[in-house]
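Every number for a ligand or one of its atoms is a count from 1 in the order of the listing. Count residues from 1 along the sequence.
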Amino acid sequence: MSFDLVLFGGTGDLTWRKLMPALFQAHRHGKLPEGGRILAVARDERSDDAYRDFIRERFCDVEADKRPSDEEFARFAQLLHYRRMDLSQPEHYRGLKRWLDEPTAEEGRGGGRADTVVLFLATSPHLFPVICEQLGSAAINGPHVRVVLEKPLGHDLASAQEINRAVSSAFTEEQALRIDHYLGKPAVQNLMALRFGNALFEPLWRRESIANIQITLAERIGVGTRGDFYDRTGALRDMIQNHALQLLTMIAMEPPPSSDADAIRDEKLKVLRSLRPFTPELVARDVVRGQYKAGTVDGKPVNGYLDEVKVPADSRCETFVALRTEVQNWRWAGVPFYLRTGKRLAQRDAQIVVNFREVPHPIFPGTRQANKLVIKLQPEDGLELHLLAAKGGSANSTRPEALSPVSLDLDFDKAFASDRVGGYERLLLDAIAGRLNLFVRSDEQVQAWRWVEPILHAWSHDTVGPRPYTAGGWGPAAASAMVARDGCTWAEEQ
Ligand code: BG6
């Protein structure tokens, strides 16, 4: 199946930081279908060769084992093309259509046009409406065309709906693929396998057995050079509205009737609709926002957020959010779900911790530690099941001091090393193949905005602003106080 992949925003950060390395890996692993072309589109004039040089230089910033050798790059570069486009000019879209339709000599195409065209919008989202409308007018929206939309999809409910309207004026829902790159991470797919490929967990996956669930997406990095973007966005829109909520839906959803994209997305949507709506009182009680101040990360001093490049000195943008919510249905009633994300935290650590209830009647006094399942997304990809076991199994091993915590530790990176595919690589391959399971449907995305909007609204009326926290820690103390009210602690405090 031959393909043309068009990258709008072809010289931008996302293209060279994430997409090109992912495409190169797919190429290196022989996973890209034959007869493919990758066309980068951007504002300035440059030749195909100049673009290839630009990308080759950018690969220097990629981790060493993901960098191509000269021969590998030469082979990969044959796929790369470049085209200047002014995105407001209808004539430039007609030119693109001619380029897509013209017969080419690529192997596997039989001299015709590509079987599939994927249009990846890696531009600022305010351009999505104009690009989609122009693509529609130029008839680059036939059934073999798909459009991939990169987050942020709007900055609130109204702007997200406006983007959806523009997209749907040119493309059907099946043609519009909304990316959440967390869904492409192997651990997230594994979560589906864990829950619905094993009989073991389902009977326990409910309020009777589970005390609380914690989703942490912690980063060590600060906002870097993205200060102007980040300051308009903040952690709630950047990480919670999309990545953290998507993980929550995967954890909390009911078993879907099949693995079809819509069967799964219907269940995820139900979870989003079951989330307890925020009132101003709940925002004040159950949401903590923070902003990092100068501190030490990895033994090195780092700036506070207000001293980052392109951040206004009086910014009230949050770089940390911790919140408590509930999924209001029979399975989860009363079980707290804690979501937390932040920049400049102590560790890069994305994980979901499922804390089980304690045994109902302890017969080993002093050892009431409950079981917990830790689903690790990064830096490693694995699963830990924490249990209590008897040390040594000797005759006196039932004495309390002889019980000891142990964990079953599955390292999927090691177990499946040769088959592991990175998040963007997975999603790009799926977009080309037309597999929709790992893309977000518009109704899910709209519902997620609907849920976060009262928080944004409450913050806009709040005179206090985010709480400062020291870079290199775990965020404001109020985040610990929030879970302590339920008698809980965050994973690193246990
Ligand atoms: C992006 C956010 O969606 O996800 C970034 O815009 C964040 O701010 C990134 O750094 C984190 O992704 P990952 O895969 O590195 O955890």
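One side chain, N164 or R178, offers a donor N or O that lies under 3.5 Å from an acceptor on the other. Defined by atom type and a distance below 3.5 Å, a donor-acceptor pair is missing between the side-chain atoms of Y292 and E318.
The structure places CG of L427 at 10.0 Å from NZ of K185, a figure rounded to the nearest 0.5 Å.
For ligand 1, the atoms sitting less than 4.0 Å from at least one non-hydrogen atom of K151 are 1 (C), 2 (C), 3 (O), 6 (O), numbered in the order shown with element in parentheses. For ligand 1 and K343, the ligand atoms under 4.0 Å from any heavy atom of the residue are 5 (C), 7 (C), 8 (O), 10 (O).
Here the protein heavy atom with the shortest distance to atom 12 (O) of ligand 1 is H181 NE2, 3.1 Å. The protein heavy atom nearest to atom 11 (C) of ligand 1 is E219 OE2, 3.5 Å. When hydrogens are left out, the protein atom nearest atom 14 (O) of ligand 1 is K185 NZ, 2.6 Å; that is the closest non-hydrogen contact. In this structure, atom 8 (O) of ligand 1 lies nearest to the protein heavy atom D238 OD2, 2.6 Å.
Within a 6.0 Å sphere centred on CZ of R435, heavy atoms belonging to other residues, nucleotides or ligands number more than 12.
Of the possible polar contacts, none joining the N212 side chain to the N355 backbone as a donor-acceptor pair under 3.5 Å is found.
At least one heavy atom of Y182 sits less than 4.0 Å from an atom of ligand 1.
The cationic atom of R46 (NZ for Lys, CZ for Arg) lies less than 6.0 Å from the six-membered ring centre of F54 and within 45° of the ring axis.
Closest heavy-atom approach to atom 5 (C) of ligand 1 among the candidates R226, H243, R348: R226.
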